Amino acid sequence: PYSFNIGLNPSFTLIFGDTEILFENLTAVRDYDVDVGLNGVSRMYGMGVTHFFKHQTMAVEGGLRYHNNGADMQFLHSDGVEVYAGGQMPAWRDARVYLQLSSRAYAYAEADPSNTILNHNTITRDETETRTTLGISHDFKEGMLKSWSLNGQFAHTTNNSNLEEFDYDRNV
């Protein structure tokens with residue numbers, strides 16, 4: 001296998017009427033067979049708030065997350081902060097459309113000694129990733145697909161780096 005990962009993902013939600021406050025954590029231990037420099041513990045801590053409207057058919061959300069992507073080789077180790085916001089509303093009966101926006105700034109612990117392109121082996125990467133996701137989800141309430149959901153989404157990601165070879169745009 002390429003890697004063995006094991007993780008724990010506890011979350012806790014407080015509900016106050018139409019408002020929810022989420023506390024979340026994702027901790028994963030990663031052990032790679034080939035890319036041993038990526039071995040380490042990845043952690044994410046977050047807090048978010050969601051508020052529902054119109055009998056909980058519409059919602060807005062926002063939050064903050066801290067990411068620490070631990071790695072044995074420090075040029076692969078990064079940490080940073082993510083801010084996100086989004087919302088959802090009905091599209092048709094048993095379906096909702098949603099929009100999510102996020103921006104994540106992260107910095108690497110040290111420069112990649114093997115990155116000799118334009119003498120970048122002395123520059124530590126700093127990056128900002130922005131993502132916009134537009135989606136639609138339909139919940140089947142009866143028939144052969146009862147209790148199933150069909151989801152479709154489009155996501156656009158832009159990564160801006162202080163090292164141009166790590167700049168990219170991606171559509172999924």
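The figures that follow rest on heavy atoms only: side chains count, while hydrogens, waters and symmetry mates do not. Everything numeric in this text was worked out from a predicted model, so none of it was measured.
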Do you know the tightest heavy-atom contact between H138 and A95?
ND1-CB, 3.7 Å

Heavy-atom distance under 4.5 Å between the side chains of H156 and R170, does that happen here?
no

Specify the closest pair of heavy atoms between M47 and Y84, including all atoms of both residues, with the distance to one decimal.
O-OH, 4.1 Å

Should we say atom CD1 of I6 is surrounded by more than 12 heavy atoms from elsewhere, each under 6.0 Å from it?
no

Taking the six-membered ring of Y45, is the NZ or CZ of R43 close enough (under 6.0 Å from the centre) and on axis enough (within 45°)?
no

What is the minimum heavy-atom distance between N162 and T124, and which atoms define it?
ND2-O, 3.0 Å

Tell me if the aromatic rings of F53 and H51 count as close, with their centers under 6.0 Å from one another.
yes

Test applied, side chain to side chain contact (heavy atoms under 4.5 Å, CB included); reference residue, V36; option that passes from N39, V34, D33:
N39

Below 4.5 Å, heavy atoms only, C-beta onward: do E164 and F166 meet side chain to side chain?
no

Mutual orientation of the aromatic rings belonging to Y32 and Y2 [parallel < 30°, tilted 30-60°, perpendicular > 60°]
perpendicular

CA sep, side-chain torsions, deciding dist, call: D167, S161, side chain to side chain donor-acceptor pair (under 3.5 Å):
CA-CA 5 Å; D167 286 344; S161 176; 4.8 Å; no

Looking at every heavy atom in both N9 and N25, which two are closest together, and how far apart are they?
OD1-O, 2.8 Å

Yes or no on salt bridge (Lys or Arg N to Asp or Glu O under 4.0 Å) for R104 and E127, after CA distance, side-chain angles and deciding distance?
CA-CA 8 Å; R104 178 178 166 193; E127 300 184 346; over 6 Å; no

Of all heavy-atom pairs linking L145 and F140, the shortest is O-CB, 3.2 Å

Regarding Y66 and E82, is there a side-chain donor-to-acceptor distance under 3.5 Å anywhere?
no

Distance only, no hydrogens: is a donor on one side chain within 3.5 Å (strictly under) of an acceptor on the other, for N159 and R131?
no

